[in-house]
Amino acid sequence: MTFGQTFFNFKGEEEYIVRGRDFDIAEISEDSDTGEVYYTVQCQKLGRDSEFQIPISDAMDAQALVDYRRYGLTVNDSNKRIIPDIFQQKEEEYIEANKPIRALHSIAGVKECADENGEPILVYAGAENPVNNSKYCGKFDIEPKGDPDKWFGFVKSLLRHSSGIAFILAFAFAAVLHGVLKGKKDIDNLILHLRSESSVGKSTMLELAVSVFGNPDTKCADGLARPWNSTHNAILHRMMGEGSQRGGILYALDEIDLADKKNIDRLLYALASGVERDRLTARGKRQKSMTGHFFVISTGEDSLLEMTKGNPGLTVRVIEMDDHMWTDSAKQSEDIKEFIHKNYGHGATEFDLHLGRWIQQNGMDALCEKLENCRKAYQDKCTITERKERKSGRYGLILLSAEFLNLFFDFGIDIEELCNFMIENETNNSEDLEGYADFYNKLVGQIVKEDAHFVHLDNSRKKLSDKAKQAHYLPSTKEQWGLIEPIFDTIELPEGRFAQSIAYIERTEFDNIVRKRLNYEDSKSLRKWLKKNGLSRCEDDRGYCRMTINHVELNYVAVYLPGEEDRGEICREELIKELLRSGNTYRIKNDMEKLGECIIKLKENRDVLDESQIDSLNRMIKKYNNLEEKIKNGEDIKSSLFDDLED
């Protein structure tokens with residue numbers, strides 16, 4: 001069969017010219033999320049039957065049609081302008097024959113549908129919508145695999161003696177609740193970061209959480225779990241889209257150590273808020289921003305909170321679990337991974353089918369009331385005033401998820417123990433949760449490093465007048481940030497140290513140190529943090545003090561400093577942390593020299609390294625030696641640079 005065109009020749013006779021091999025529309029589908037229509041086309045390629053799908057936007061575009069020649073569609077310069085007309089004609093014939101329009105969806109997540117009785121119901125639509133049978137046509141591999149009964153039985157067996165695994169599963173299913181409650185409760189996206197050294201099972205937990213929704217393999221290009229080593233735009237485009245999706249899905253990013261750290265706080269804020277920052281087109285018009293409503297689980301040896309630069313808006317949207325043993329052994333991790341790589345993608349659909357029926361019977365207000373009860377239960381137990389209010393909604397959502405898992409699937413999660421698990425983590429990392437855990441040590445290290453920027457006053461004086469300070473505060477070739485004077489009061493500092501002097505840093509210089517040298521964002525919050533923890537001398541109502549020097553009144557941040565020996569110890573601790581961080585995050589062959597320098601300096605400080613730091617140093621040495629041997633043998637070492645990143 002062929003298609004062509006009819007002309008009148010110069011004799012006035014009709015003449016038919018063949019333009020290509022014929023094709024048929026076997027099915028028409030419509031994506032309810034984007035409104036895009038697709039044709040399923042049947043044709044011949046090399047004498048064999050061929051079938052492919054083409055969006056109507058391409059079918060109506062003469063230039064775009066050229067790309068479909070690889071499927072057998074006959075497209076050339078003489079016919080590409082008439083093929084859109086043929087597609088339109090065949091669509092009309094399809095409709096006139098009353099053939100069905102197949103339902104599709106390109107965005108997985110919670111959707112509102114009508115059940116068999118015409119009643120509204122919220123369901124999770126993954127590979128298939130369980131109510132209207134709409135098929136998924138999006139970019140992720142979420143086709144279920146294996147046996148759902150085996151998956152639920154397996155994860156139930158994991159919960160018997162592990163609050164950690166219960167927390168991970170409750171967090172994963174809470175992502176579905178997050179989508180269900182959109183519009184009813186104002187709960188932003190939530191990021192969970194599992195931070196620790198290797199071989200504690202954190203990547204296994206990431207994959208277990210993802211198996212609730214789809215393919216958990218981080219090596220799968222279309223999976224919901226991918227490494228952090230992508231551009232920021234690529235990460236955003238994977239998780240976000242245009243329109244106002246209801247959400248209800250979880251994405252995963254493995255090994256934060258691989259991430260591009262530059263401006264990562266902007267990426268984290270976009271993920272947490274669910275809104276991409278505004279952009280302009282080449283003509284100066286505002287582009288439509290991408291949005292997304294989802295949960296994220298992340299892993300790595302580096303702290304995600306330290307990368308937020310003290311942004312208080314981010315710290316309440318991030319839960320960081322630090323140094324937790326997630327699995328009992330390497331064998332258990334292997335067993336979990338082996339199982340969930342063969343069985344996945346069933347949990348979210350089953351959970352939301354039960355939840356949708358529950359809401360039909362009890363109402364959305366009852367669901368909101370249960371969430372409020374869980375939120376209050378968390379608040380009653382939490383003792384961290386600054387966090388209990390702003391994070392209680394997120395923790396309440398996780399507790400509610402666990403309650404429904406017990407109700408729907410008899411998981412047997414101990415809700416009180418789960419709540420204690422979360423509160424213990426919050427309490428142990430109370431300073432980390434503010435993103436300021438190492439700030440004081442970093443600030444002291446910076447003051448010691450830049451000692452020449454400060455005027456040192458006479459240690460023999462017990463009390464220095466403004467006049468004495470003026471005499472010592474003289475112009476210098478070195479830009480001056482402030483002055484340091486001794487103190488003789490007993491002021492206790494962290495880790496059993498005592499203050500011996502105080503550094504007065506001019507406030508604008510303090511802000512510069514915080515933002516440009518230490519890479520924190522909110523200097524005002526840091527001043528408050530120093531004051532709250534008794535690390536600075538302030539006026540009652542401010543995070544700084546006023547001083548008049550050379551007849552000029554300025555605002556100073558007055559930071560207590562320990563003695564010289566303790567300062568040296570602090571600086572060495574910061575150096576070791578930086579060396580370990582640098583040595584563990586090298587990327588390419590050119591960084592071998594940098595890695596070697598880190599190893600040498602760490603060896604010089606080996607006597608003060610703790611057990612975990614020595615283990616990290618030994619891993620670096622082993623990796624360096626292995627890579628050096630491969631270079632000598634002429635091997636390509638690029639792939640082996642990432643061998644030690646998996647659990």
A quick test of your reading: do over 12 heavy atoms of other residues, nucleotides or ligands sit less than 6.0 Å from [atom1] of [X]?
X      : atom1 : answer
Asp365 : CG    : no
Asn133 : CG    : yes
Glu92  : CD    : yes

Which residue is it: Asp33, Asn132, Asp352, Asn129? I am looking for the one with a side-chain hydrogen bond (donor to acceptor under 3.5 Å, both in side chains) to Lys111.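 Exactly one option meets the side-chain hydrogen bond (donor to acceptor under 3.5 Å, both in side chains) with Lys111, and it is Asp33.
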Determine the minimum heavy-atom distance between [X] and [Y], stating which atoms define it.
X      : Y      : answer
Ser401 : Ala174 : OG-N, 3.3 Å
Ser333 : Thr327 : OG-OG1, 2.8 Å
Leu371 : Gly393 : CD1-O, 4.2 Å
Leu206 : Ala225 : CD2-CB, 3.9 Å
Tyr136 : Ala108 : CE1-N, 3.8 Å
Glu320 : Ser303 : OE2-OG, 2.8 Å

All pairs passing side-chain hydrogen bond (donor to acceptor under 3.5 Å, both in side chains) where residues 143-152 contributes a residue, at least two apart: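 Of all non-adjacent pairs touching residues 143-152, those that pass side-chain hydrogen bond (donor to acceptor under 3.5 Å, both in side chains) are Trp151-Ser211.
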Backbone N/O of [Y] and side chain of [X]: donor-acceptor pair under 3.5 Å:
X      : Y      : result
Glu207 : Asp217 : no
His178 : Asp188 : yes
Asn79  : Thr74  : yes

Any chance you could measure His293, atom NE2, to Asn189, atom CG, to the nearest 0.5 Å?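 Spacing of NE2 (His293) from CG (Asn189) equals 6.5 Å.
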Measuring from Phe295:CZ to Leu177:CG, what's the distance to the nearest 0.5 Å?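 With rounding to 0.5 Å, CZ (Phe295) is 8.5 Å from CG (Leu177).
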Between [Y] and [X], is there a side-chain heavy-atom distance shorter than 4.5 Å?
X      : Y      : answer
Leu268 : Leu304 : yes
Ile107 : Ile249 : no
Phe404 : His354 : no
Leu158 : Leu208 : yes

Do you see a donor-acceptor pair shorter than 3.5 Å between the side chains of Ser78 and Asn76?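 Side chains of Ser78 and Asn76: pair found under 3.5 Å.
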Polar side chain donor-acceptor pair, His193 to Ser298, under 3.5 angstrom: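 Ser298 and His193 do have a side-chain donor-acceptor pair below 3.5 Å.
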Report the relative orientation of the aromatic rings in [X] and [Y]; use parallel for angles under 30°, tilted for 30 to 60°, perpendicular for over 60°.
X      : Y      : answer
Phe87  : Tyr39  : parallel
Phe213 : Tyr124 : perpendicular
Phe409 : Phe173 : tilted

With Arg357 as reference, evaluate Glu350, Glu116, Glu119 under the salt bridge (charged side-chain N to carboxylate O under 4.0 Å, His left out) test and give the passing residue.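 Result: among Glu350, Glu116, Glu119, Glu116 is the only option passing the salt bridge (charged side-chain N to carboxylate O under 4.0 Å, His left out) with Arg357.
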Indicate yes or no: does Arg70 engage Asp67 in a salt bridge with an N to O separation below 4.0 Å.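 Here Arg70 does not pair with Asp67 in a salt bridge, since their nearest N and O are not under 4.0 Å apart.
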Which residues satisfy the side-chain hydrogen bond (donor to acceptor under 3.5 Å, both in side chains) test with Ser57, sequence neighbours excluded?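 Counting only residues at least two positions away or on another chain, Ser57 forms a side-chain hydrogen bond (donor to acceptor under 3.5 Å, both in side chains) with Glu36.
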Give me each pair satisfying salt bridge (charged side-chain N to carboxylate O under 4.0 Å, His left out) with a member in residues 17-27, each pair once, sequence neighbours excluded.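 Sorted pair list: Asp22-Lys90, Asp24-Lys90, Glu27-Arg102.
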